[in-house]
Amino acid sequence: MDRSSSRGVRQCSRGFKEFLMRGNVIDLAVAVVMGTAFVAIVTAFSDGVITPLLALFGGSSQLGLGFQMVADKPATFVAVGPIITAALNFVIIATLLYFVLVLPANKAKARWGAPEPDVLSDNELLHQIRDLLAERTAGGKHEG
């Protein structure tokens, strides 16, 4: 390996280490683990509470809430209960995540976060650049 490729490998390695140590990867890993545990809790709640409640509306069928497309063929049963359960799981998870994580994080950012810098329009930015260039040219002229 020559010097330039060795230097490139070191820079790539250093960049990867900085990426890992930045904290974003660790935060993401923690979020995935917590999300998985949270989904398990909501699924247990759904299986223990919501599914039996939906079974009340399913009538006397052992297949649950849904409808049979062809009589006497269990393979043609369209189960509506699991779809409703999954939709309720989604709504429960989204609601709890919003009120437990997103809302407090936004409030904390608004309270303690750095103020956002003023955003300039394109014209304002071009005027500032023009003025800076004019100052630079006027200051750089040598009088003879």
Side-chain angles (χ1 to χ4, degrees), residues 1-140:
M1 219 169 19
D2 63 350
R3 281 186 169 168
S4 63
S5 62
S6 175
R7 187 176 326 129
V9 169
R10 280 191 301 238
Q11 287 175 343
C12 183
S13 175
R14 186 176 331 123
F16 185 69
K17 287 178 187 175
E18 289 173 6
F19 169 73
L20 287 178
M21 296 309 193
R22 218 180 334 184
N24 295 345
V25 174
I26 295 169
D27 292 343
L28 181 62
V30 169
V32 167
V33 170
M34 288 184 66
T36 304
F38 191 69
V39 167
I41 292 170
V42 172
T43 302
F45 173 77
S46 293
D47 291 344
V49 177
I50 294 174
T51 302
L53 289 174
L54 289 176
L56 289 173
F57 300 107
S60 61
S61 172
Q62 284 192 353
L63 297 174
L65 181 61
F67 57 92
Q68 191 89 21
M69 291 175 30
V70 177
D72 299 328
K73 277 194 149 185
T76 63
F77 183 76
V78 177
V80 179
I83 297 169
I84 295 171
T85 302
L88 288 174
N89 282 352
F90 175 78
V91 169
I92 292 169
I93 290 171
T95 303
L96 288 175
L97 285 177
Y98 177 77
F99 286 109
V100 172
L101 295 176
V102 175
L103 196 61
N106 288 343
K107 285 184 179 182
K109 185 187 284 186
R111 186 172 185 181
W112 295 300
E116 292 188 22
D118 293 334
V119 179
L120 300 176
S121 70
D122 291 341
N123 284 338
E124 292 171 333
L125 190 58
L126 288 172
H127 286 291
Q128 284 186 0
I129 292 171
R130 180 199 63 200
D131 295 343
L132 288 172
L133 287 173
E135 287 175 14
R136 187 174 179 189
T137 350

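- Interatomic distance, CG of Asp122 versus NE2 of His127, reported as 11.0 Å (0.5 Å rounding).
- Checked against Leu88 for a side-chain contact (heavy atoms from CB on, under 4.5 Å), the options Ile83, Ile50, Leu53, Val49 give a single hit: Ile50.
- Qualifying side-chain contact (heavy atoms from CB on, under 4.5 Å) partners for Phe38, counting only residues two or more places apart in sequence or in other chains: Val42, Ile93, Leu96, Leu97.
- Counting non-hydrogen atoms of neighbouring residues, nucleotides and ligands closer than 6.0 angstrom, the CZ atom of Arg130 exceeds 12 such neighbours.
- To the nearest 0.5 angstrom, Arg136 atom CZ is 12.5 Å from Ile129 atom CD1.
- Within the structure, side chain to side chain donor-acceptor pair (under 3.5 Å) contacts touching residues 75-91 (residues at least two apart or in different chains) are Ser46-Asn89, Gln68-Thr76.
- Nearest heavy-atom pair, Tyr98 versus Pro104, reported as atom, atom and distance to 0.1 Å: O-CD, 4.1 Å.
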